[in-house]
Amino acid sequence: MGDDRLDDLRSRLDDIAEELADIGLAKLKEAVRDDNAHAAAEERRLARARRAVIKAAALLTGADADDGSD
């Protein structure tokens with residue numbers, strides 16, 4: 001796979017991570033507003049998925065994917 005294709009894939013993963021963060025924030029707001037335990041659980045699941053996508057993007061750039069940042 002060429003570097004351009006990897007850069008494109010990393011960029012798409014970054015976009016997906018951002019979208020997951022946006023959806024997660026909406027779920028968190030819903031959980032607080034409505035005292036909704038299901039929405040809170042969904043937000044936690046989305047946060048885990050976002051972290052996994054960020055790690056995948058970091059692996060494609062050669063960065064340390066396990067740096068502990070969110």
Side-chain angles (χ1 to χ4, degrees):
M1 199 181 259
D3 285 345
D4 290 340
R5 290 180 66 191
L6 288 177
D7 287 343
D8 180 56
L9 185 55
R10 184 202 42 80
S11 178
R12 291 188 330 218
L13 287 170
D14 288 342
D15 291 343
I16 291 168
E18 186 173 323
E19 189 171 353
L20 285 166
D22 292 343
I23 296 168
L25 182 58
K27 287 294 180 183
L28 186 59
K29 287 179 181 180
E30 177 185 339
V32 169
R33 181 186 64 238
D34 301 335
D35 194 25
N36 184 336
H38 178 70
E42 271 193 64
E43 186 279 331
R44 288 189 298 274
R45 185 175 54 87
L46 290 165
R48 284 191 355 244
R50 178 180 165 268
R51 286 190 297 271
V53 170
I54 289 170
K55 286 180 181 183
L59 287 170
L60 292 178
T61 61
D64 184 5
D66 195 25
D67 66 0
S69 65
D70 278 336

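Heavy atoms only: backbone and side chains are in, while hydrogens, waters and symmetry mates are out.
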Donor-acceptor list for residues 30-38 side chains, cut-off 3.5 Å, not counting sequence neighbours:
{"unit_1": "E30", "atom_1": "OE2", "unit_2": "N36", "atom_2": "ND2", "d": "3.2"}
{"unit_1": "N36", "atom_1": "OD1", "unit_2": "H38", "atom_2": "N", "d": "2.9"}
{"unit_1": "N36", "atom_1": "OD1", "unit_2": "A39", "atom_2": "N", "d": "2.9"}
{"unit_1": "H38", "atom_1": "NE2", "unit_2": "E42", "atom_2": "OE2", "d": "2.9"}

For residues 8-27, run the donor-acceptor check on the side chains, cut-off 3.5 Å, and write out each pair with its distance to 0.1 Å, sequence neighbours left out.
{"unit_1": "D8", "atom_1": "OD2", "unit_2": "R12", "atom_2": "NH1", "d": "3.2"}
{"unit_1": "R10", "atom_1": "NH1", "unit_2": "D14", "atom_2": "OD2", "d": "2.8"}

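The cluster map of Ile, Leu, Val, Met, Phe, Trp and Tyr, joined by side-chain heavy atoms under 4.5 Å apart, puts V53 and L60 in the same cluster.
Under the salt bridge (Lys or Arg N to Asp or Glu O under 4.0 Å) criterion, R48 pairs with no residue at all, not counting sequence neighbours.
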